[in-house]
**Q** 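One structure, pasted below without further comment.
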Amino acid sequence: MFGYPMETIYIILLVVSGSLTFVYILLSDMLDGIFDVPDHPLLSPQLILSFLTVFSASGYLFEKYMSMSKGFIGLISAGIAFIIVLLLHFFVFIPLRSAEASLNYSEADLEGRIAKVIVTVPQDGFGEILIQGASGTISKPAKGVKNEEIPSGTEVIIVKMENGFATVAKHDPYYIPLQ
């Protein structure tokens, strides 16, 4: 092709696609911000560059060590690259994309959660609760729902969050409200 042996074409494509992949890894956030391209999961630059890298590497190895026709080597290399890229997409990129979810929370997210009183909530006053979650623990000032005293160590449920303060009630896991 172009007067060069296929081994040379594959190795040049491997070097170029490998280099572009490395540059993309380093500058991907900046490039995504500059070019603001709609994000389609199957047409992402990292998948295209990965396909070209695996295609050219397997094509080079088959050309170097196997005696098959150039078209058959191209088809086998494309198939291998397609399978590797699909595995990469489903087992690496999709989990990484979902892991990028923010660990922030809003006050409304805390309503209905179970917490533990760490500083006694006095009658007509404020104490402190500890909310445990998958992303860590949060401590919030709290008051009783009926201005009742809630001793330290009691399990409570957050009824309402307003202005950073939690309104809590004692949690009874055996109580089922009937309406």
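Everything numeric in this text was worked out from a predicted model, so none of it was measured. Counting begins at 1 with the first residue of the sequence.
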**Q** How close do G164 and K140 get, counting heavy atoms only, and between which atoms?
**A**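 Scanning both residues completely, I find the closest heavy atoms to be O-CD, 3.8 Å.
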**Q** Check this for me, if you would: do R113 and E111 make a salt bridge, where the nitrogen-to-carboxylate-oxygen distance has to be below 4.0 angstrom?
**A** no
**Q** Flag yes if L75 and I73 sit in one hydrophobic cluster, no otherwise; membership is Ile, Leu, Val, Met, Phe, Trp, Tyr, and two members link when side-chain heavy atoms are under 4.5 Å apart.
**A**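 No; tracing contacts between hydrophobic side chains, which count when under 4.5 Å, never links both residues.
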**Q** Rounded at 0.5 Å granularity, tell me how far CD1 in I129 sits from NZ in K116.
**A**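 These two atoms lie 13.0 Å from each other.
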**Q** Specify the closest pair of heavy atoms between L47 and V85, including all atoms of both residues, with the distance to one decimal.
**A**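 Taking L47 first and V85 second, the nearest heavy atoms are CD2-CG1, 3.5 Å.
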**Q** On a heavy-atom basis, which atom in G125 and which in V121 lie closest, and how many Å separate them?
**A**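 Here G125 and V121 meet closest at O-CG1, 4.0 Å.
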**Q** My understanding is that only one of I150, V159, T154 makes a side chain to side chain contact (heavy atoms under 4.5 Å, CB included) with V168; could you say which?
**A** I150
**Q** Just how far is it from atom CG of L49 to atom OH of Y24, taken to the nearest 0.5 Å?
**A** 8.0 Å
**Q** Which residue, V15, L14, T8, forms the side chain to side chain contact (heavy atoms under 4.5 Å, CB included) with I12?
**A**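 Looking at V15, L14, T8, the match for I12 under the side chain to side chain contact (heavy atoms under 4.5 Å, CB included) is T8.
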**Q** What's the separation between atom CG in L110 and atom CD1 in I138, rounded to the nearest 0.5 Å?
**A**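 Interatomic distance, L110 CG to I138 CD1, rounded to 0.5 Å: 5.0 Å.
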**Q** If you group Ile, Leu, Val, Met, Phe, Trp and Tyr by side-chain heavy-atom gaps below 4.5 Å, do M6 and I76 land in one group?
**A**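 Yes, it is one cluster - the side chains of M6 and I76 are joined through contacts under 4.5 Å.
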**Q** Between K143 and E162, which heavy-atom pair has the shortest distance, and what is it?
**A** NZ-OE2, 4.3 Å
**Q** Do L61 and M68 share a hydrophobic cluster (ILVMFWY, side-chain heavy atoms under 4.5 Å, transitive)?
**A** yes
**Q** Show the nearest heavy-atom pair for residues L130 and S139, with the distance to one decimal.
**A**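 Closest pair (atom of L130, atom of S139, distance): CD1-CB, 4.1 Å.
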**Q** Indicate, with yes or no, if the rings of F126 and F165 have centres closer together than 6.0 Å.
**A**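 Yes: the rings meet the under 6.0 Å criterion.
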**Q** To the nearest 0.5 angstrom, please state how far the NZ atom of K70 sits from the CD1 atom of I9.
**A**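 Here the rounded value is 10.5 Å.
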**Q** Does F55 share a hydrophobic cluster with I84, counting links as ILVMFWY side-chain heavy atoms below 4.5 Å and allowing steps through other members?
**A** yes
**Q** Are side-chain N/O atoms of T137 and Q132 paired as donor and acceptor at under 3.5 Å?
**A**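 There is no such pair (donor and acceptor under 3.5 Å, judged by atom type) between the side chains of T137 and Q132.
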**Q** How far apart are the C-alpha atoms of E148 and V145, what are their side-chain angles, what is the distance that settles it, and do they pass the side chain to side chain contact (heavy atoms under 4.5 Å, CB included) test?
**A** CA-CA 7 Å; E148 60 185 334; V145 73; 4.3 Å; yes
**Q** Could you grab the distance from atom CD1 of I157 to atom OG1 of T167, nearest 0.5 Å is fine?
**A**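 Taking CD1 in I157 and OG1 in T167, the distance rounds to 13.0 Å.
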**Q** Please answer: with hydrophobic residues joined when any side-chain heavy atoms are less than 4.5 Å apart, are F72 and F62 in the same cluster?
**A** yes
**Q** Where is the tightest heavy-atom contact between M161 and A166, given as atom of each residue plus distance?
**A**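 Nearest heavy atoms, M161 then A166: SD-CB, 3.5 Å.
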**Q** Does a donor on one side chain and an acceptor on the other come within less than 3.5 Å for T120 and S152?
**A** no
**Q** Could you give the distance from CD (Q46) to CD1 (I25), rounded to the nearest 0.5 Å?
**A** 9.0 Å
